[in-house]
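Report on the following structure.
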Amino acid sequence: MAPSHVAFIAISMVLFSSVAMAADHIVGDEKGWTINFNYTQWAQDKVFRVGDNLVFNYDPSKHNVFKVNGTLFQSCTFPPANEALSTGKDIIQLKTGGRKWYVCGVADHCSARQMKLVITVSGEGAPAPSPTSNAHSTVSSVFGVVVAATVAIATIFV
């Protein structure tokens with residue numbers, strides 16, 4: 001095998017192991033981001049990690065998405081309209097750990113129609129993920145590094 005192919009394979013394995021650990025969470029699953037849906041129940045059995053994506057699918061003529069803080073979430077108060085996400089397929093990468101709050105700013109959708117989502121993202125400064133998933137992440141990371149190092153050493157001596 002040519003050294004360039006070996007290097008390509010090593011780099012690909014490291015990159016794919018990182019990508020495989022991130023998840024896309026389709027908010028509301030097949031229902032999407034809509035009124036009269038229990039987003040608390042939807043989120044309760046999911047594990048959100050730094051690097052994952054929240055995907056909000058909805059009709060942009062009827063809804064939007066605001067990222068807010070806990071106080072605004074509780075009162076269903078919204079930032080200025082120009083801060084709304086409104087494409088109908090908004091993807092939010094979870095870049096930091098901790099609590100995250102999202103609401104719809106259209107009419108009474110937040111206050112009376114339950115269009116609000118709160119999640120906890122595992123990561124720096126957040127509660128640690130379960131031991132099983134933490135072990136899986138560690139094994140995946142170590143495997144990628146070991147393979148890359150092995151291939152790099154083999155490339156030098158071949």
Side-chain angles (χ1 to χ4, degrees), residues 10-149:
I11 292 169
S12 297
M13 290 182 77
V14 171
L15 291 176
F16 287 137
S17 69
S18 298
V19 171
M21 292 189 305
D24 285 344
H25 300 279
I26 310 299
V27 177
D29 297 322
E30 67 279 347
K31 294 280 189 186
W33 185 234
T34 190
I35 58 174
N36 302 324
F37 184 86
N38 188 334
Y39 291 101
T40 302
Q41 185 177 12
W42 172 84
Q44 76 184 6
D45 65 343
K46 294 176 178 45
V47 177
F48 302 94
R49 292 185 177 87
V50 171
D52 288 355
N53 294 311
L54 286 181
V55 180
F56 289 86
N57 294 320
Y58 57 94
D59 180 343
S61 69
K62 296 180 181 178
H63 307 295
N64 61 23
V65 179
F66 281 101
K67 182 177 181 186
V68 296
N69 63 31
T71 302
L72 297 178
F73 178 86
Q74 290 298 326
S75 64
C76 284
T77 305
F78 319 111
N82 66 346
E83 293 183 27
L85 302 174
S86 57
T87 67
K89 186 171 176 79
D90 301 315
I91 300 172
I92 300 172
Q93 184 179 34
L94 303 173
K95 295 180 181 180
T96 60
R99 301 282 277 179
K100 310 292 178 196
W101 300 269
Y102 305 92
V103 297
C104 178
V106 175
D108 66 348
H109 293 187
C110 177
S111 59
R113 306 295 201 104
Q114 298 308 306
M115 256 183 109
K116 53 198 292 186
L117 168 68
V118 60
I119 63 170
T120 300
V121 179
S122 297
E124 295 176 10
S130 68
T132 302
S133 59
N134 195 19
H136 173 72
S137 297
T138 302
V139 169
S140 296
S141 298
V142 169
F143 176 75
V145 171
V146 169
V147 169

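The first residue in the sequence is number 1, and the count goes up from there.
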- Shortest non-hydrogen contact between K31 and F37, atoms and distance: CG-CE1, 3.7 Å
- Item | Verdict with reasoning, V55 to K89, per side-chain contact (heavy atoms from CB on, under 4.5 Å) | CA-CA 7 Å; V55 180; K89 186 171 176 79; 4.0 Å; yes
- How about C104 and C110, are their SG atoms within less than 2.5 Å of each other? no
- Note on the structure: side-chain hydrogen bond (donor to acceptor under 3.5 Å, both in side chains) test vs Y58 passes for just one of T34, T87, D90, N64, namely D90
- Query: L72 and V68: which non-hydrogen atoms are nearest, and at how many Å?
  - Reply: CB-CB, 3.8 Å
- Task: Output, in order, the C-alpha distance, side-chain angles, deciding distance and verdict of side-chain contact (heavy atoms from CB on, under 4.5 Å) for Y39 and V27.
- Result: CA-CA 8 Å; Y39 291 101; V27 177; 3.7 Å; yes
- Message: Using 0.5 Å steps for rounding, measure from the CH2 atom of W33 to the CG atom of L54.
- Response: 9.5 Å
- Heavy-atom pair of closest approach, residues P60 and S86: CB-O, 3.4 Å
- Task: Starting at CG of L85, measure out to NZ of K67 and round the result to the nearest 0.5 Å.
- Result: 10.0 Å
- Straight-line distance of D29 CG to W42 CH2, nearest 0.5 Å: 6.5 Å
- Item | Spacing of L94 atom CG and F48 atom CZ [to the nearest 0.5 Å] | 8.0 Å
- Atom pair NZ/CG of K116 and N38 - distance to nearest 0.5 Å: 11.5 Å
- Any side-chain heavy-atom pair of R99 and V118 under 4.5 Å: yes
- What do the steps show when you test D108 against R113 for side-chain contact (heavy atoms from CB on, under 4.5 Å), and what is the final call? CA-CA 7 Å; D108 66 348; R113 306 295 201 104; 3.8 Å; yes
- Contact summary for D52 and V47, nearest pair of heavy atoms: OD2-O, 3.8 Å
- Message: Are F56 and Y102, when compared by the centres of their aromatic rings, separated by less than 6.0 Å?
- Response: yes
- Over all atoms of both residues, closest heavy-atom pair of K95 and V50: O-CG1, 3.5 Å
- Query: Quick one: CG on L117 to OG1 on T40, what's the gap to the nearest 0.5 Å?
  - Reply: 7.5 Å
